[in-house]
Amino acid sequence: MSSPDRSVPDGCPGALTTHLAADGPLARIRLPGGLVLPKQMQVLARAAAELGDGTVELTSRGNVQLRAVSDPVALASRLAEAGLLPSATHERVRNILASPLSGRVGGLTDVRALVRELDEELCARRDLAELPGRTLFALDDGRGDMGGLEPDFGAYAQSDGSYALLLAGRDSGVRVDRDGVVPTLLNCAAAFLELRESEWRLAEVDNGVDRIVELLGLSAGAALPLPAPVEVPPIGWLEQDDGLVALAAGLANGVIGARLAEFLAAIDRPVIVTPWRSLIVCDLDEEPAEQVVRVLAPMGLIFDAESPWIRVSACTGSPGCAKSLADVRSDLEAAVDARMTPRDERQHWSGCERRCGRPKGEVTDVIATGIGYQVS
């Protein structure tokens, strides 16, 4: 796999700093904790239909992006009005993952308030606007689903009420209380800015974890191994702890059509975009939940955990990416239709050796070569 050139700033797109892809400007909208409110989903749906290519793409960081944006300025205005662009200076660094089911199904604690606090305090720190766009924060409610995503800065709830400080995708050995989670994460991010030269991620800084712990005067004890990356996201009918229902659904190629997005908005319930390119419709009564399944399954939501789409993913491919050697998504769709993808392992299809969007953990790579695909 070829390494990016770290001598130049990272090119991660945002809602304001769009990326000129082969099919036009691409805008990426950060969703701290993956949360999309109904009115925001409505805005995304209409923007996709009126300003984009008619789809909303889910990303491996729980964000969304619109392709072929015809008017980036108009899009930014719509996003700001919907509360999806609270900071023009920090919009690319608001990469905050959180356990998607936190506060609703299981977990040791509810980290949703921490997500809001972290986002607000991150945007309030002027120095942290200089973080690379690839910086990743994560809040794990104790179920162990975030550590495998290798956050630069994270907190992992423990059974004694403390939080393990995750740095560069591993347990640093430092423990903090709940009130210290957000200040500690932001101070670590600021320390990274002091230490970095051209590095985009903390793991790229030589001895970065130990240097941050020392720089901030933190006390580190024994570090614990983190759970392996999640292989199969939550899918199907989930009973919430409060008696309501959450519906977790996969999507072919992680793409929501504008019309489906309109229907999701009409449900008038929060939607969580997960880092596994799936989504969760939350806080439903039982009868409306049944209606959602009946109406939206034929439109593309996948509620069957055995569907081959749950274990496969793909990069954008042609024609959206100029570097791609194949129309990867169409080829993957044909392979799924022909039942050619394995059901007992994860696959990621890539249009070139960069393998963009590849999930963490054990994954079989299917890479376009120009004369076919190579499996490795």
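Every heavy atom of this structure was used, including side-chain atoms; hydrogens, water molecules and symmetry mates were not.
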Donor-acceptor contact present, side-chain D268 to main-chain P38, <3.5 Å: no
If you apply the rule side chain to side chain contact (heavy atoms under 4.5 Å, CB included), what do you find for R311 with D344, and how did you get there? CA-CA 8 Å; R311 290 181 175 270; D344 58 349; over 6 Å; no
Can you tell if the side chain of L101 reaches within under 4.5 Å of the side chain of D145, non-hydrogen atoms only? no
Chi angles and distances behind the side-chain hydrogen bond (donor to acceptor under 3.5 Å, both in side chains) call for T341, Q347: CA-CA 8 Å; T341 56; Q347 278 191 350; 5.6 Å; no
So for atom CD, which belongs to E290, do other residues, nucleotides or ligands contribute more than 12 heavy atoms lying within a distance under 6.0 Å? yes
Counting N and O atoms only, with roles assigned by atom type, does the side chain of D140 sit under 3.5 Å from a partner on the main chain of M146, one being a donor and the other an acceptor? yes
Decide salt bridge (Lys or Arg N to Asp or Glu O under 4.0 Å) for D206 and R211; before the verdict, give the C-alpha distance in whole Å, the side-chain angles of both, and the deciding distance to 0.1 Å. CA-CA 9 Å; D206 185 39; R211 291 167 69 188; 5.4 Å; no
F153 side chain reached by T135 side chain, heavy atoms, under 4.5 Å: yes
So, taking the atom named OG in S102 and the one named CG in L139, what distance separates them when rounded to the nearest 0.5 Å? 9.0 Å
Linked, directly or transitively: L149 and L226 (ILVMFWY side chains, under 4.5 Å): no
Can you name the closest pair of heavy atoms from R143 and S99 and give their distance? NE-CB, 3.9 Å
With no hydrogens and no angle check, is any side-chain donor or acceptor of D160 less than 3.5 Å from a backbone partner on S162? yes
Applying a strict under-4.5 Å side-chain criterion to I, L, V, M, F, W and Y, I'd like to know whether I280 and W237 cluster together. no
Looking only at heavy atoms, which two atoms of E91 and R28 are closest? And how far apart? OE1-O, 4.4 Å
Can you tell whether the side chains of D141 and R112 come within less than 4.0 Å, N to carboxylate O? no
Whether over 12 other heavy atoms sit under 6.0 Å from D337 CG: yes
As a quick check of understanding, evaluate side chain to side chain contact (heavy atoms under 4.5 Å, CB included) for L301 and L251, giving each step before the final call. CA-CA 6 Å; L301 290 191; L251 291 149; 3.6 Å; yes
Is the backbone N or O of T364 less than 3.5 Å from a side-chain atom of E345, with the two atoms forming a donor-acceptor pair by type? no
Working to the nearest 0.5 angstrom, can you tell me the gap between D53 CG and T55 OG1? 3.5 Å
Which atom pair, heavy atoms only, marks the closest approach of L122 to V93? CD2-O, 3.4 Å
Reported CD-to-CD distance for the pair Q65 and E57, which is rounded to 0.5 angstrom: 4.5 Å
Between R355 and E353, is there a side-chain N and carboxylate O pair less than 4.0 Å apart? yes
Decide yes or no for L118 and P32: does some side-chain heavy atom of the first lie under 4.5 Å from some side-chain heavy atom of the second? no
CA sep, side-chain torsions, deciding dist, call: D304, I235, side chain to side chain contact (heavy atoms under 4.5 Å, CB included): CA-CA 7 Å; D304 178 9; I235 295 291; 5.8 Å; no
Whether D171 side chain and L224 backbone form a donor-acceptor pair below 3.5 Å: yes
Going hydrophobic residue to hydrophobic residue with side-chain gaps under 4.5 angstrom, can you get from L131 over to L166? no
Would you say that L264 contacts I256 through its side chain, given a criterion of any heavy-atom pair below 4.5 Å between the two side chains? yes
Side chains of R94 and P86: closer than 4.5 Å at any heavy-atom pair? yes
Quick one: does any side-chain atom of R346 pair with a main-chain N or O of K360 as donor and acceptor, under 3.5 Å? yes
Please find the pair of heavy atoms, one from A322 and one from A22, that lie closest to each other, and give the distance. N-CB, 3.6 Å
Taking S172 for its side chain and L167 for its backbone only, find out whether a donor-acceptor pair lies under 3.5 Å. no
Are any side-chain N or O atoms of H348 and backbone N or O atoms of C356, one a donor and one an acceptor, separated by less than 3.5 Å? yes
L20 with L51, same ILVMFWY side-chain cluster at under 4.5 Å: no
Are any of the side-chain heavy atoms of V43 and Q40 separated by less than 4.5 Å? no
Roughly how far, to the nearest 0.5 Å, is the CZ atom of R61 from the CZ atom of F137? 10.5 Å
Looking only at non-hydrogen atoms, find the nearest pair between D127 and L193 and report the distance. O-CD1, 3.3 Å
Working for side chain to side chain contact (heavy atoms under 4.5 Å, CB included), residues N253 and W349: CA-CA 10 Å; N253 282 317; W349 289 48; over 6 Å; no
Using atom types as modelled and distance alone, determine if a side-chain donor or acceptor of E121 lies under 3.5 Å from a backbone N or O of P183. no
Atom pair OG (S278) and CD1 (I310), whose distance is rounded to the nearest 0.5 Å: 7.5 Å
Check for me, please, whether I302 and V295 land in the same ILVMFWY cluster - side-chain distances under 4.5 Å, paths through other members count. no
From L165 CG over to I212 CD1, what is the distance, rounded to the nearest 0.5 angstrom? 9.0 Å
With a 4.0 Å cut-off, would you call R134 and E204 a salt bridge? no
Taking the side chain as C-beta and beyond, is there a heavy-atom pair between W200 and C12 under 4.5 Å? no
With a 3.5 Å distance limit and no angle check, can you tell me whether R67 reaches the backbone of G320 through a side-chain donor-acceptor pair? yes
Looking only at heavy atoms, the pair that brings V328 and C315 closest together is CG2-SG, 4.2 Å
Between L332 and V366, is any pair of side-chain heavy atoms under 4.5 Å apart? no
